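Remarks on the structure that follows.
Per chain, numbering begins at 1; letters A, B, ... match sequence-line order. All values derive from a computational prediction rather than experimental measurement.
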Number of protein chains: 2
Amino acid sequence: MTRPLLTTILFGLLLAVLAILLQFFEYRYLVGSLNTSVYTSVVATIFTGVGIWLGVSLFRKKKQDKQEQVDLTILRKLKLNQREYEILGLIAKGFSNQEIADQLFLALPTIKTHVSNLYSKMGVQSRTQAIHKARSMRLI
Amino acid sequence: MTRPLLTTILFGLLLAVLAILLQFFEYRYLVGSLNTSVYTSVVATIFTGVGIWLGVSLFRKKKQDKQEQVDLTILRKLKLNQREYEILGLIAKGFSNQEIADQLFLALPTIKTHVSNLYSKMGVQSRTQAIHKARSMRLI
DNA sequence: TGCGATTTCATACTTAAGTATGAAGCAATT
DNA sequence: AATTGCTTCATACTTAAGTATGAAATCGCA
């Protein structure tokens, strides 16, 4: 949310600086009846560069913002609690129930319970389904 | 591989057309001592637009190419054959061995064999590990 | 303080996944 | 003709995953 504002300000400043420079060039060289083709080329080149920078910036920003939004919204919709969400992440990283139990210093049956509840809330019956659904919802 | 070429050609043509238009404007209005600020603004605006278009195009192309490259390169490195790669995709979509067998009109033991060979080649022991590794390698 | 949600663990069971081994047909290559 | 790789299937076994049920401790909130 903070980045597009920064981009806008930077772009505005850049435009202002360029405007001043252009005015300067206009009255010193161009009106002094120098080659206008050169002047045109310079303007075109500079603003092509500005455009490229703008295009790339805007394109990248748009993609980042989308991801962060869906994250928390769907988490509340599914009503996953902290442990379940934590375990979902470990499942997606390819860990087995036993490995998860070891990492979290918990017993295997505990993990199984969490996993089972997690599946119920997500509406799936296996880890691969859970991973796929979580990915399609951009939870992970 | 065909697209960057197209972009280059289009950009070249656009530049040529703009150059001709600019020449036209130069000698009809500008040298006719009309307002040069307006002329400058027009040039700047047009080329900013061109730049944005170029920037977005190039950025998107670069991302696509990267994915397709790694795709085939690592595929050869792992020496996965067609069936194995196909089944890897279905596994990542959350399907069970039985579901995969039904979809491909094959027997369950056949799928198990492919899956087992797939794991050997990928250096994993479970579907979740395979999915995670495939994702980290941008195979899927 | 009582209640709901969270978190933990256990036991028992069914089903799916994963491994090993063998085998057979088929296509392409040497 | 022989070899190599791909694809298919089978059988048998071990292990992990998933389900169901019950229970107990903890924590936040009304």
Check your understanding: Of the nucleotides dG18(D), dC9(D), dT7(D), which has the atom closest to the L106(B) side chain?
Key -> dC9(D)

Check your understanding: What nucleotide, of dC6(D), dG18(D), dT19(C), holds the atom closest to the side chain of K121(B)?
Key -> dC6(D)

Practice item. Taking only the side-chain heavy atoms of T113(B) (C-beta and beyond), determine which of dT7(C), dC6(D), dA10(D) contains the nearest atom. Key: dA10(D)

Check your understanding: Of all the nucleotides listed (dT19(D), dT7(C), dA10(C)), which has the minimum atom distance to the side chain of A107(A)?
Key -> dA10(C)

Check your understanding: Hey, which of I52(A), I46(A), T45(A) is the one that makes side-chain contact (heavy atoms from CB on, under 4.5 Å) with T48(A)?
Key -> I52(A)

Point to revise | Toward the 5' end of DNA chain C, by each residue's nearest nucleotide, N117(A) or K112(A) | key: N117(A)

Point to revise | Distance test, side-chain N/O of H114(B) to OP1/OP2 of dT7(D), below 4.0 Å | key: no

Exercise for review: For a side-chain hydrogen bond (donor to acceptor under 3.5 Å, both in side chains) with E84(A), tell me which candidate from K121(A), K79(A), H114(A) qualifies.
Suggested key: K121(A)

Practice item. Check step by step if side-chain contact (heavy atoms from CB on, under 4.5 Å) holds for H132(B) and I131(A). Key: CA-CA 10 Å; H132(B) 186 244; I131(A) 294 172; over 6 Å; no

Practice item. Could you check which of dG18(C), dT7(C), dT6(C) has an atom nearest any side-chain atom of R83(A)? Key: dT7(C)

Study note, to complete from the structure: On a heavy-atom basis, the closest approach of V56(A) and G55(B) is CG2-O, 3.8 Å

Exercise for review: Identify the heavy atoms of A134(B) and L88(B) that sit nearest to each other, and give their distance.
Suggested key: CB-CD2, 4.1 Å

Practice item. State which of dT19(D), dT7(C), dC9(D) makes the closest approach to the side chain of T110(B). Key: dC9(D)

**Study point:** End axis versus end axis in the helix from dT1(C)-dA30(D) to dT30(C)-dA1(D), the angle rounded to 10°, five pairs used at each terminus
**Key:** 50°

Review point. Where the side chain of S126(B) is defined as all heavy atoms beyond and including C-beta, which of dA16(C), dG18(C), dT8(C) is the nearest nucleotide?
Key: dG18(C)

Revision key, fill the gap. Against the side chain of Q82(A), the closest entry in dT8(D), dT7(C), dG18(D) is dT7(C)

Point to revise | Exercise: identify the closest heavy-atom pair between Y85(A) and L139(A) | key: OH-O, 3.1 Å

Review point. Where the side chain of N81(B) is concerned, which of dG18(C), dT7(D), dT19(D) is the nearest nucleotide?
Key: dT7(D)

**Study point:** Options dC6(D), dT19(D), dA17(C), nucleotide nearest the side-chain atoms of Y119(A)
**Key:** dT19(D)

